[in-house]
Amino acid sequence: MRTAVSHIHNAARAEVGKLNSEFIKKVQWVSTLDGRTSPICRARDNKLYPLNSGPRPPAHFRCRSTITFVTKSWKELGIDLQEAPTGTRASMNGQVPADLSYNDWLRTQDRSFIDETLGVNKAKLYMDGKLPLSKFVDVRGNELTLDALRVKESTAWDAAGL
């Protein structure tokens, strides 16, 4: 049921965006900032896509991600006003800056949480090998195995000491 509701919610939001395209620059993927977020949603969090194309949630069964709109600035709209400050978004630890991606949020968590979320070896690649979460999935959003990462990201693999 959650997946169907998510699909309808995001489809309706996309239609609202199309009807207001003169005010909207991009669509932004927003994922849940906690330890249960899927690899594809971790990788896509805060990514910007054109208004009428690009991936949209749900990315998988029971997906909790959504989209939001990046509106044009006051200046782009021809209005002489000071721009609004960046807002906040929810995380499992409380409010964080709205522009904080899952990738950057995860770096602020305890190492034990990162190990539990990614697995010990992928956590080493992420932390010690400086491999961003976007590299843990392929272009279709499928999670890469450790063997695939060893081949594809050998520099990070070496930096992590694996």
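Positions are given from 1, in the same order as the sequence printed here. Predicted model only: the values in this text are computed from it and were never measured.
Taking 4.5 Å as the limit, some side-chain heavy atom of L149 sits within range of a side-chain heavy atom of L131. T108 is not listed as a side-chain neighbour of V96, based on a closest heavy-atom distance of 4.5 Å or more. For the pair V137 and L144, the minimum side-chain heavy-atom distance is 4.5 Å or more. L133 is listed as a side-chain neighbour of L106, based on a closest heavy-atom distance under 4.5 Å. Two residues are said to be in side-chain contact when any heavy atoms from C-beta on lie closer than 4.5 Å; F136 and Y126 meet this criterion. No side-chain heavy atom of T88 sits less than 4.5 Å from a side-chain heavy atom of P97. Residues N20 and V16 meet the side-chain proximity criterion, which asks for heavy atoms closer than 4.5 Å.
Residue pairs meeting the side-chain hydrogen bond (donor to acceptor under 3.5 Å, both in side chains) criterion with at least one member in residues 135-144, sequence neighbours excluded, are K122-E143, D138-N142.
A donor-acceptor pair is defined here as one N or O able to donate and one able to accept, closer than 3.5 Å; such a pair exists between the side chain of K72 and the backbone of E22. With hydrogens and angles ignored, the 3.5 Å screen pairs no side-chain donor or acceptor of N103 with any backbone N or O of A43. Panel note: side chain W29, backbone R44; no donor-acceptor pair is recorded below 3.5 Å. Listed for the R89 side chain is no donor-acceptor partner under 3.5 Å among the backbone atoms of L33.
For the residue pair T37 / S31, no side-chain donor-acceptor distance below 3.5 Å is found, with atom types taken as modelled. Side-chain contact of W105 with D45: a donor-acceptor pair under 3.5 Å is absent, judged by distance alone.
The pair R64-D34 counts as a salt bridge, with a side-chain nitrogen and a carboxylate oxygen less than 4.0 angstrom apart. Remark: D158 does not engage R150 in a salt bridge, criterion side-chain N to carboxylate O under 4.0 Å. Salt bridge status for K25 with E76: present, with a side-chain N to carboxylate O gap under 4.0 Å.
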For K152 and D147, what are the C-alpha separation, side-chain angles and deciding distance, and is it a salt bridge (Lys or Arg N to Asp or Glu O under 4.0 Å)?
-> CA-CA 9 Å; K152 190 174 179 187; D147 288 338; over 6 Å; no
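Geometric assessment of R107 against the ring of Y102 yields a negative cation-pi assignment under the 6.0 Å and 45° thresholds.
Between R56 and N52, the shortest heavy-atom contact is NH2-N, 4.1 Å. When all heavy atoms of C63 and C41 are compared, the closest pair comes out as SG-SG, 3.7 Å.
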